[in-house]
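Everything on this sheet refers to the single structure shown next.
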Amino acid sequence: MTENREVTENYEVVVVGGGAAGLSAALILGRARRHTLVVDAGEPRNAPAAHMQGYLSRDGMSPADFLAVGREEIARYGVELVRDRAVDVRQGFAVDLAGGRTVHARRLVIATGLRDELPQVAGLAERFGRDVLHCPYCHGWEVRDQAFGVLATTPMSVHQALIVSQWSKDVTFFLHTVAEEELSDDDLRRLAAAGVKVVPGEVSEVIAEDDRLTGIRLADGATHEREVLFVAPRAVPRTDLLQRLGAELHETPFGAYPVVDQTGLTTVPGVWAAGNAMGFAEQVVNAAAGGYRAGATINGELLMTDLDAAVRV
C-alpha cells in the first residue's frame, strides 16, 4: 500500500487500463460528456501479435494501430489519457499513480487485463505471437495447412489439439508434462479420430532457423519437424486493485476473476471490471463490447444518482 497522498484532481470516472475494454468505456463516457481519465500502463496483452483477427471491420489490423486509433477517438471527446500505472486505490476511489499523482473518481472501471505466463521451454517465448500461438480463432487461418504442434501442459490441452485440427490435418500433440495415463479413453479416441499424432516425452526446445520455427526437440534428443506450435499460457489476472477494494473473486481453471453482473459491475458498488480483467476468454471484440456496456451503465447510474440527490434537496 502507498502512503496517503493528497488528491490533486477529481474525475467522474477513472478507467484503469488503456486496452480495447478501457478505451471503449472511455469513448462512451466521453461522448456522454463525463469527465474521464484513462490510466494506461502500456502493457497490452496482444502486443506480441503483428495482427489481430476476427474483429469485424478491423480484421488484420495491428494491435498497435488499433490502440492508436482508439486513443485519437477518445481525445476528440475530451477524455484525458495518462501513461502511468495505478499502484494503489483506496475506499472512496482515490487512485495513486506511480508518477506521483493521486486522482479521485466517483466511479472506477478496472480494465487491467492479464498477463500470459508461458511454459518454460527454450526458444518458446522468443517466438510467441509469431509461430508460437495460443488461439486458433485469432491465428488459425493465417497458418492453415501447416505442420502444427500442440504443447500439452494439462489434460485440458487435449481440447486445444482437437480444435486446431480444423485448420490443419498435420497435428502432433506433444504430451510434455502430461503423462499418457492422464488422458482418458475418450481423449485418446477423439485424438485418433481427428488424426492427431500423440508423442510422449518432455519438450526441451523450440528450434528456429532463418527466423522461423522449424522443429521441436524432446529431452531425449529426438526432433520433430513442425512449422507452428500452439501453447496454452497460464493466465495471471491483474486483480491487485480489485482485491484492495475488497471485490469478491471466484476461482476458475484459468485463475481468479471478479464476480460481476451482466454489465461488469463487481461486488464493490461503483466499481466495474471489463475485458480480460473479468475473464480469460475475452477477445478484443468482446473486450470492446464489455467496455461499452460498462461505460453506458456508469453514465446512466451517475445520472440517476445526481437526479435523486437533486430531488432530495
Side-chain angles (χ1 to χ4, degrees), residues 7-46 63 66-90 92-99 101-114 237-245 247 257-258 260-261 263-266 268-279 282 284-303 305:
V7 173
T8 56
E9 293 148 282
N10 291 289
Y11 294 88
E12 291 183 283
V13 186
V14 169
V15 179
V16 183
L23 291 177
S24 183
L27 179 64
I28 297 307
L29 290 162
R31 287 177 55 82
R33 309 181 76 176
R34 294 294 179 185
H35 188 38
T36 303
L37 172 70
V38 176
V39 181
D40 181 13
E43 297 175 345
R45 181 188 179 195
N46 60 357
F66 176 80
L67 295 178
V69 170
R71 295 182 195 114
E72 292 174 2
E73 289 178 350
I74 66 170
R76 295 176 198 163
Y77 302 102
V79 174
E80 181 184 345
L81 183 145
V82 59
R83 288 302 185 91
D84 210 333
R85 183 184 304 277
V87 293
D88 198 7
V89 60
R90 300 185 295 280
F93 309 154
V95 183
D96 295 334
L97 307 185
R101 297 170 64 184
T102 294
V103 297
H104 179 267
R106 295 179 63 193
R107 301 293 184 270
L108 281 178
V109 177
I110 304 299
T112 44
L114 57 81
R238 295 188 173 110
T239 56
D240 291 354
L241 297 178
L242 289 168
Q243 291 182 60
R244 290 176 185 179
L245 288 167
Y257 293 90
V260 297
D261 71 5
T263 72
L265 177 63
T266 71
V268 179
V271 179
W272 275 257
N276 284 134
M278 61 176 285
E282 297 298 293
V284 178
V285 66
N286 307 113
Y292 187 110
R293 283 194 299 271
T297 304
I298 290 169
N299 177 63
E301 196 261 359
L302 282 172
L303 176 64
T305 296

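Values in this document were obtained by computation on a predicted structure and should not be read as measured data.
In terms of heavy atoms, A287 sits closest to G275 at CB-CA, 3.8 Å. The two residues G279 and L114 have their closest heavy-atom pair at O-CD2, 4.5 Å. Nearest heavy-atom pair, V109 versus A25, reported as atom, atom and distance to 0.1 Å: CG1-CB, 4.4 Å. Looking at every heavy atom in both residues, A273 comes nearest to V260 through CB-CG1, 4.3 Å. Nearest heavy atoms, A86 versus V95: CB-CG1, 3.8 Å. Scanning both residues, A20 and F66, for their nearest heavy atoms gives CB-CE2, 3.8 Å.
Residue R90 holds its CZ atom at 10.0 Å from NE2 of H104, rounded to the nearest 0.5 Å. Taking CZ of F93 as the reference point, atom CZ of R106 lies at 11.0 Å (rounded to 0.5 Å). R85 contributes atom CZ, which lies 10.0 Å from atom CG of D40 (distance to the nearest 0.5 angstrom). To the nearest 0.5 Å, the span separating CZ on R71 from CG on L67 amounts to 5.0 Å. Here CE of M278 is found 12.5 Å from OG1 of T112. Values are rounded to the nearest 0.5 Å.
Sparse packing is recorded around CZ of R31, with 12 or fewer heavy atoms of other residues, nucleotides or ligands lying under 6.0 Å away.
Considering only heavy atoms from C-beta on, N276 stays 4.5 Å or farther from P237 through its side chain. Within the 4.5 Å cutoff, side-chain heavy atoms of V271 are placed close to those of L242. Counting heavy atoms from C-beta on, the side chains of L81 and L23 come closer than 4.5 Å. In this structure, L27 and V79 have side chains that are not in contact, with every pair of non-hydrogen atoms separated by 4.5 Å or more. Using a 4.5 Å heavy-atom cutoff, the side chains of L97 and T102 are not in contact.
Not one N or O on the side chain of S24 forms a donor-acceptor pair closer than 3.5 Å with the backbone of G291. No side-chain donor-acceptor contact under 3.5 Å links E12 to the backbone of T36. Put simply, the side chain of T266 never gets that close to the backbone of P258: no donor and acceptor are under 3.5 Å apart.
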Stepwise side-chain contact (heavy atoms from CB on, under 4.5 Å) test for R101 and E9:
CA-CA 8 Å; R101 297 170 64 184; E9 293 148 282; 2.7 Å; yes
Stepwise side chain to side chain donor-acceptor pair (under 3.5 Å) check, W272 with T263
CA-CA 8 Å; W272 275 257; T263 72; 3.1 Å; yes
Check the pair E80, V38 against side-chain contact (heavy atoms from CB on, under 4.5 Å), reporting the backbone distance first and the verdict last.
CA-CA 6 Å; E80 181 184 345; V38 176; over 6 Å; no
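A side-chain contact (heavy atoms from CB on, under 4.5 Å) with V103 is found for exactly one of L37, D84, D96, namely L37. Screening L108, I298, N299 against V13 for a side-chain contact (heavy atoms from CB on, under 4.5 Å) leaves a single residue, I298.
Using a 4.0 Å cut-off between charged side-chain N and carboxylate O, E301 and R34 make no salt bridge.
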